[in-house]
Asker: 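Below you will find the structure I want to go over with you.
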Amino acid sequence: MSEQWRETVAVGVVVDSVAGRVVQALDLVAAHLPPPGQDWGCRLCSVESWPCPPFDAAARQVVAGGLRLAELVPPDLHHLLWTPGAARPGFDEGHADG
């Protein structure tokens with residue numbers, strides 16, 4: 001049986017830093033990741049496929065805040081971020097494996 005949640009770590013950031021300004025969105029991105037080996041659905045939004053609407057909204061906030069989404073999402077999920085051909089802001093720009 002696979003784990004129900006991905007392992008996470010807590011990190012302190014300065015409030016007026018780039019990460020500090022989007023800290024709530026960072027929390028939502030992490031909370032709405034699918035469990036390992038089950039990339040088809042969100043654990044919190046049980047009826048939603050992944051990426052679910054709350055993850056998508058939070059991810060776009062993170063990117064708008066100046067952070068790169070690819071560095072916050074496990075590599076095994078990169079292929080599922082936004083639809084193929086759609087702009088993946090903060091992910092594709094200058095990212096060789098995006």
Side-chain angles (χ1 to χ4, degrees):
M1 185 164 118
S2 67
E3 295 293 320
Q4 293 202 10
W5 302 98
R6 291 183 182 263
E7 290 187 54
T8 59
V9 296
V11 177
V13 296
V14 178
V15 173
D16 64 349
S17 69
V18 173
R21 289 189 297 267
V22 294
V23 73
Q24 289 178 326
L26 288 171
D27 287 343
L28 286 172
V29 163
H32 285 270
L33 291 174
Q38 298 180 22
D39 59 8
W40 47 266
C42 175
R43 243 328 158 203
L44 295 178
C45 302
S46 61
V47 298
E48 293 287 344
S49 61
W50 194 86
C52 61
F55 173 90
D56 186 66
R60 291 178 189 279
Q61 276 186 296
V62 164
V63 171
L67 297 176
R68 292 174 43 87
L69 187 59
E71 296 172 9
L72 303 170
V73 174
D76 64 302
L77 299 174
H78 286 183
H79 70 284
L80 296 171
L81 294 173
W82 293 297
T83 56
R88 298 188 301 176
F91 189 83
D92 289 327
E93 301 92 19
H95 194 274
D97 66 357

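Please read these numbers as outputs of a predicted model, since none were measured by experiment.
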Asker: With a 4.5 Å limit on heavy-atom distance, are the side chains of Val29 and Phe55 in contact?
Answerer: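 Yes - at least one pair of side-chain heavy atoms lies under 4.5 Å apart.
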Asker: Which heavy atom in Ala19 sits nearest to a heavy atom in Leu67, and how many Å separate them?
Answerer: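 Smallest heavy-atom distance, with atoms named: CA-CD1, 4.0 Å.
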Asker: Does Asp76 have any side chain to side chain donor-acceptor pair (under 3.5 Å) partners at least two apart in sequence or in another chain, and if so, which?
Answerer: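 Testing Asp76 for side chain to side chain donor-acceptor pair (under 3.5 Å), a comparison that skips the adjacent residues, returns Arg6.
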Asker: Do you know the tightest heavy-atom contact between Gly41 and Pro35?
Answerer: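 The pair with the smallest heavy-atom distance is O-CD, 3.9 Å.
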Asker: Could you give the distance from CG (Leu81) to CH2 (Trp50), rounded to the nearest 0.5 Å?
Answerer: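 Atom-to-atom, Leu81:CG and Trp50:CH2 are 4.5 Å apart.
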Asker: May I ask you to decide if Leu44's main-chain N or O and His32's side chain share a donor-acceptor pair within less than 3.5 Å?
Answerer: no
Asker: For the residue pair Pro51 and Leu80, what are the closest heavy atoms and their distance?
Answerer: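 Shortest heavy-atom separation between Pro51 and Leu80 comes out as CD-O, 3.4 Å.
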Asker: So which heavy atom on Val62 is nearest to which on Ala25, and how close?
Answerer: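 Smallest heavy-atom distance, with atoms named: CG2-CB, 3.7 Å.
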Asker: Counting only N and O atoms by type, is there a donor-acceptor contact under 3.5 Å from the side chain of Arg43 to the main-chain atoms of Pro34?
Answerer: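 No, because the side chain of Arg43 does not come within donor-acceptor range (under 3.5 Å) of the backbone of Pro34.
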Asker: Rounded to the nearest 0.5 Å, what separation is found between the CG atom of Leu33 and the CD atom of Gln38?
Answerer: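 Answer for the CG-CD pair, Leu33 versus Gln38, is 13.0 Å.
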Asker: Can you name the residues that form a side chain to side chain contact (heavy atoms under 4.5 Å, CB included) with Val11, not counting sequence neighbours?
Answerer: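 Listed in chain order: Val9, Val13.
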Asker: Look at the side-chain heavy atoms of Ile, Leu, Val, Met, Phe, Trp and Tyr, link any pair under 4.5 Å apart, and say whether Val23 and Val18 land in one connected group.
Answerer: no
Asker: Indicate, with yes or no, if Leu72 and Val22 share a hydrophobic cluster defined by side-chain heavy-atom contacts under 4.5 Å among Ile, Leu, Val, Met, Phe, Trp and Tyr.
Answerer: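 Result: yes, single cluster for both.
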Asker: Answer whether the closest heavy-atom distance between the side chains of Gln61 and Gln24 falls below 4.5 Å.
Answerer: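 No. Closest side-chain heavy atoms not under 4.5 Å.
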